[in-house]
Amino acid sequence: MRGRTLSAGVALAVFAGMTVTLAAQPVVASPTTATTMARPIAATVAALAAPDISVTNVQAHLTQFNSIATNNGGNRRAGSAGYTASLAYVKSRLQSAGYTVSEQYCSSCRYPSNNLIAEWRGGPTDQVVMFGAHLDGVSAGPGINDNATGSATLLENALVLAAQNPTMTKKVRFAWWTDEEQGLNGSRFYVNSLSSTQRGYIKGYYNFDMVGSVNGGYFINRVTSTTAAPLKAYWDSLGLQPEENVEGQGRSDDYYFQQAGIPTSGYAAGASARKTSAQAAKWGGTANAAYDPCYHRSCDTTANVSATVLNRAADGVAYALWQLAVSGGTPTCTGGQVIGNGGFESGSTPWTASSGVITNSSSQPARSGSYKAWLGGNGSSSTESLSQSVTVPAGCASYTLSFWLHIDTAETTGSTAYDRLTVQVGSTTLATYSNLNAAAGYTQRSFNVAGFAGQTVTLKFTGTEDSSLQTSFVLDDVALQAS
């Protein structure tokens, strides 16, 4: 895991599969071993016949990575001999198992070196489920928990998939990234190399970074999302009560997939953050101690891994893979327009609006028909809102929220945003517009909201004005198209 948090802009994919509120506000354009299993694996898990992944085999891969580091200067840093040998080991095993394997040279990496991409045969090429982990470590040590554990977990899952050779309903792609520790450079290079069409083919990216921490927790990226559902279902079946991976947000290779609008999730067991008393009571281990006491240190060896935590991660990957790509766990897209009465011509239903917001007043023309939503325009201190709860279908290739917006104002100062319209998703602001964005006519505004697939959300627009001089925010033809 990279050691510094990236600063991110609005990343809608974070919310994939969550039940959130979409609110509109103006954008000024400008463990030691964990506790024993609490109950048997749920019948739904067993029914999918996902294979049991041998933790002994995963540990054997860790031993290989540790030996590679020992024989190559003590580390597996990107661009080093240790990294090259690690890639060669994974590639050889995959090729022997029958994978189509390719290397991608990351020319923009701090330590230029190769990503490794492997695809299994079968499954539609435009329906890809992707599993990734960074293969590099830091120069301080062999990097076994960080991140040979993720790399080995995916390698053994790939080998088991090949050995069982089931009928595939999705294309499965595995990736081992270079130069993660220097800034997520390998995965960024890969995402940037994809066309928009190729990005659209990837229906979910799952990241595994540090999945064997000795004082570990059970963390899932975007734990309440639709994308995370199979990972969470498996750990729920063990009674583990997983939590959101707060420590890892923006710090691993899912980040650039998320920024590109690709739904993401993944497992983690924790890095240098400290386990709380509540977590220790729930999962075992030591409270107020780091999840990984050897994070980015020379002691990050095979001794720095919990077999219990590692085993639960490896089996959870297999469960998710089988549900998503073998048993067809992804819903079929129903598509179409999700917003009701988007042109405001059918009264107020299903909108919830401040008094007078939905109107046919001739003072502000509609873009089409007679009605529109008019927020502001009062010339005095006021707040008005417009909202609608919608259910976004899952399984579609694209999701576009759009609306037409006209802004006019009596404000005369050209540099101060006095009045605002905000568009939000939950607590996240999609956009804020102000009197500074005033212009003749309507302009269409569009947002990729693929991250909300499978969710029930509330779309909300909020207009606020100061004590003098009006600004009108006029909305029409609101749509959320899934296809």
Side-chain angles (χ1 to χ4, degrees), residues 1-18 20 22 27 29 104 106-110 115 117 128-134 147 150 173 175-209 219-228 244-268 392 396-402 423-432 445-455 457:
M1 177 189 287
R2 189 183 179 209
R4 181 169 60 87
T5 302
L6 293 171
S7 69
V10 175
L12 301 186
V14 166
F15 299 98
M18 297 171 63
V20 298
L22 185 96
V27 169
Q104 181 191 49
C106 178
S107 57
S108 61
C109 284
R110 179 177 176 185
N115 293 319
I117 312 296
V128 177
V129 181
M130 194 166 183
F131 297 82
H134 72 89
N147 181 39
R173 183 180 302 160
W176 288 264
W177 308 116
T178 189
D179 218 42
E180 187 268 358
E181 297 291 2
Q182 281 66 49
L184 321 181
N185 295 319
S187 54
R188 171 167 52 184
F189 187 88
Y190 175 81
V191 171
N192 288 343
S193 75
L194 300 174
S195 67
S196 59
T197 298
Q198 291 170 327
R199 293 179 185 183
Y201 289 165
I202 303 174
K203 304 310 177 185
Y205 172 76
Y206 293 85
N207 195 67
F208 303 92
D209 191 352
F219 302 106
I220 299 178
N221 303 342
R222 286 154 289 284
V223 66
T224 60
S225 69
T226 298
T227 310
E244 177 62 46
N245 182 18
V246 175
E247 181 186 19
Q249 288 179 8
R251 294 177 59 184
S252 196
D253 293 297
D254 54 324
Y255 178 78
Y256 287 105
F257 286 87
Q258 173 193 330
Q259 292 297 99
I262 297 169
T264 64
S265 189
Y267 282 149
V392 184
C396 299
S398 66
Y399 300 84
T400 302
L401 169 68
S402 64
V423 186
Q424 294 175 303
V425 175
S427 60
T428 300
T429 298
L430 275 185
T432 301
R445 312 287 181 167
S446 298
F447 304 88
N448 177 2
V449 291
F452 295 95
Q455 305 172 45
V457 297

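Closest heavy-atom contact between G250 and L184: O-CD1, 3.9 Å. Among all heavy-atom pairs drawn from G186 and C109, the shortest one is N-SG, 3.8 Å. Taking each heavy atom of I220 and S265 in turn, the nearest pair found is CG2-OG, 3.5 Å. Among all heavy-atom pairs drawn from S107 and F189, the shortest one is OG-CE1, 3.6 Å.
Under the 30°/60° scheme for interplanar angles, the aromatic rings of Y190 and W177 are found to be tilted.
Of the inter-residue distances, the one linking I262 atom CD1 with L194 atom CG reads 6.5 Å to the nearest 0.5 angstrom. Note: K203 NZ to T227 OG1 = 11.5 Å, rounded to the nearest 0.5 Å. Within the model, atoms CG of L430 and CZ of R445 stand 13.0 Å from one another, a figure rounded to the nearest 0.5 Å. Separation of atoms OG (S252) and CZ (F257) is listed at 10.5 Å; rounding is to 0.5 Å. A distance of 10.0 Å separates CD of E244 from CZ of F219, quoted to the nearest 0.5 Å.
Between the side chain of N147 and the backbone N or O of F208 there is at least one donor-acceptor pair closer than 3.5 Å.
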* To do: Starting from the C-alpha separation in whole Å, work towards a yes-or-no answer on side chain to side chain contact (heavy atoms under 4.5 Å, CB included) for V191 and Q259.
  => CA-CA 10 Å; V191 171; Q259 292 297 99; over 6 Å; no

* Run the side chain to side chain contact (heavy atoms under 4.5 Å, CB included) check on R173 and I202 step by step: do they pass? -> CA-CA 9 Å; R173 183 180 302 160; I202 303 174; 4.0 Å; yes

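Annotation: side chain of T264 is not in contact with side chain of Y255 (no heavy-atom distance under 4.5 Å).
Of the residues D209, T178, D253, the one that meets the side-chain hydrogen bond (donor to acceptor under 3.5 Å, both in side chains) test with H134 is D209. Of the residues listed (Y206, Y201, Y205), the one engaging M130 in a side chain to side chain contact (heavy atoms under 4.5 Å, CB included) is Y205, and it is the only one.
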